[in-house]
Amino acid sequence: MKELIFTGFNKKLIPSLEKTAKFALKYEKINNYNISFTQISDADIKKMNRKYRKVNRITDVISFLVDEKLFLGDIYISDNRPKQNAEKFGFTYEQELCYLVIHAILHLEGYTDYDPEEKRKMFDKQDKIFKCIF
């Protein structure tokens, strides 16, 4: 099964987001997957962080691995933070969303960015994948 679902995103951006997700999954040798990507408000992502991670703040993205064998997951991406980050880091909005798609897939795979060493490993891989696309 190979399925990607994008909800709440500008329709013009979906082909690029889909291409990025497929590339990242192939790069990581993940052949079967079913992932939904949903763009939600900062307020909603903060609520999810508070409820599921016990963190009272807005994050760019939050990922939930539903089934490891099927690589089934739900990913939520902030609708406002990518705009701010794009400006801050000199990317386009579309590039920043693609960067977050890669980040979220790596989270589903088990990568974390909670401690400095794990964060470095994750961002090194994320940057490598991103540079292959852009």
Side-chain angles (χ1 to χ4, degrees):
M1 167 181 13
K2 294 182 179 188
E3 186 172 17
L4 300 171
I5 300 167
F6 292 87
T7 306
F9 294 89
N10 179 320
K11 290 189 188 311
K12 292 178 185 174
L13 300 176
I14 292 175
S16 183
L17 299 175
E18 193 171 275
K19 176 185 164 195
T20 298
K22 285 179 179 177
F23 184 87
L25 290 159
K26 186 175 181 176
Y27 188 93
E28 290 298 292
K29 297 176 178 60
I30 298 167
N31 298 314
N32 294 309
Y33 51 84
N34 186 332
I35 306 171
S36 70
F37 296 84
T38 305
Q39 194 164 39
I40 61 174
S41 71
D42 285 353
D44 286 340
I45 212 161
K46 186 175 183 178
K47 285 177 196 171
M48 291 180 87
N49 270 312
R50 199 170 35 239
K51 181 175 181 178
Y52 297 107
R53 295 184 56 229
K54 309 298 183 229
V55 176
N56 190 29
R57 64 184 175 93
I58 299 166
T59 55
D60 306 338
V61 63
I62 187 168
S63 304
F64 299 98
L65 182 61
V66 178
D67 186 314
E68 192 173 328
K69 281 185 179 179
L70 300 174
F71 206 76
L72 174 66
D74 295 320
I75 294 170
Y76 299 89
I77 298 177
S78 160
D79 64 355
N80 192 45
R81 292 290 289 264
K83 293 171 188 163
Q84 296 168 349
N85 288 346
E87 208 171 282
K88 181 178 174 182
F89 297 117
F91 290 138
T92 65
Y93 176 61
E94 183 175 4
Q95 287 172 319
E96 181 63 21
L97 283 175
C98 289
Y99 194 73
L100 292 175
V101 163
I102 296 165
H103 185 84
I105 288 171
L106 292 176
H107 270 313
L108 289 181
E109 205 177 354
Y111 286 86
T112 65
D113 51 5
Y114 307 130
D115 75 60
E117 181 60 24
E118 292 299 313
K119 183 176 182 173
R120 186 191 58 74
K121 286 179 191 174
M122 182 178 189
F123 276 79
D124 284 351
K125 180 162 275 205
Q126 183 175 318
D127 290 343
K128 194 177 287 186
I129 295 169
F130 183 79
K131 287 175 185 169
C132 289
I133 300 168
F134 290 95

Checklist entry - For the side-chain hydrogen bond (donor to acceptor under 3.5 Å, both in side chains) test, which of Lys121, Gln126, His103, Lys119 pairs with Asp113? => result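 That would be His103.
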Next on the checklist: Can you confirm whether Glu87 is buried at CD, in the sense that more than 12 heavy atoms of other residues, nucleotides or ligands lie under 6.0 Å from that atom?
Outcome noted: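 Not buried by this count: 12 neighbours or fewer within 6.0 Å.
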Checklist entry - Hey, would you say the Tyr76 and Tyr52 ring centroids sit under 6.0 Å apart? => result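 Here the rings of Tyr52 and Tyr76 have centres that are no less than 6.0 Å from each other.
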Checklist entry - Between Phe89 and Tyr99, is the gap from one ring center to the other below 6.0 Å? => result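 No, the ring of Phe89 stays outside the 6.0 Å limit from the ring of Tyr99, centre to centre.
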Checklist entry - Which residues pass the side chain to side chain contact (heavy atoms under 4.5 Å, CB included) test with Thr59, sequence neighbours left out? => result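 Partners of Thr59 under the side chain to side chain contact (heavy atoms under 4.5 Å, CB included) test: Ile45, Asn49, Arg53, Arg57.
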Minimum heavy-atom separation for [X] to [Y], with atom names?
{"X": "Met48", "Y": "Ile40", "value": "SD-CD1, 3.6 Å"}
{"X": "Asp67", "Y": "Lys69", "value": "OD1-N, 2.9 Å"}
{"X": "Asp74", "Y": "Val66", "value": "OD2-CG2, 3.6 Å"}
{"X": "Arg50", "Y": "Asn56", "value": "NH1-OD1, 2.6 Å"}

When clusters are formed by joining ILVMFWY residues with side-chain heavy atoms under 4.5 Å apart, either directly or through shared neighbours, do [X] and [Y] land in the same one?
{"X": "Ile62", "Y": "Phe37", "answer": "no"}
{"X": "Phe9", "Y": "Ile105", "answer": "yes"}
{"X": "Leu106", "Y": "Ile133", "answer": "yes"}

Item to check | Gap between atom CG of Leu65 and atom CG of Leu70 - 0.5 Å precision | outcome: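 Those atoms lie 9.5 Å apart.
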Checklist entry - CG of Leu100 to CD1 of Ile77: how many Å apart, nearest 0.5 Å? => result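 Taking CG in Leu100 and CD1 in Ile77, the distance rounds to 5.5 Å.
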Checklist entry - Are Ser78 and Asp60 linked by a side-chain donor-acceptor pair shorter than 3.5 Å? => result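 Asp60 and Ser78 do not have a side-chain donor-acceptor pair below 3.5 Å.
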Next on the checklist: Salt bridge check, Lys22 against Glu18: does any charged N sit closer than 4.0 Å to a carboxylate O?
Outcome noted: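 Salt bridge flag = yes for Lys22 with Glu18.
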Checklist entry - Salt bridge between Lys125 and Glu28, side-chain N to carboxylate O under 4.0 Å? => result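 Salt bridge present between Lys125 and Glu28.
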Item to check | Verdict with supporting geometry, Arg120 and Asp124, salt bridge (charged side-chain N to carboxylate O under 4.0 Å, His left out) | outcome: CA-CA 6 Å; Arg120 186 191 58 74; Asp124 284 351; 2.9 Å; yes
Checklist entry - Between the side chain of Lys29 and the main-chain N/O of Lys26, is any donor-acceptor distance below 3.5 Å? => result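 Pair absent, no side-chain N/O of Lys29 close to backbone of Lys26.
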Item to check | Side-chain (Glu118) to main-chain (Asp115) donor-acceptor, under 3.5 angstrom | outcome: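 Not a single qualifying donor-acceptor pair exists.
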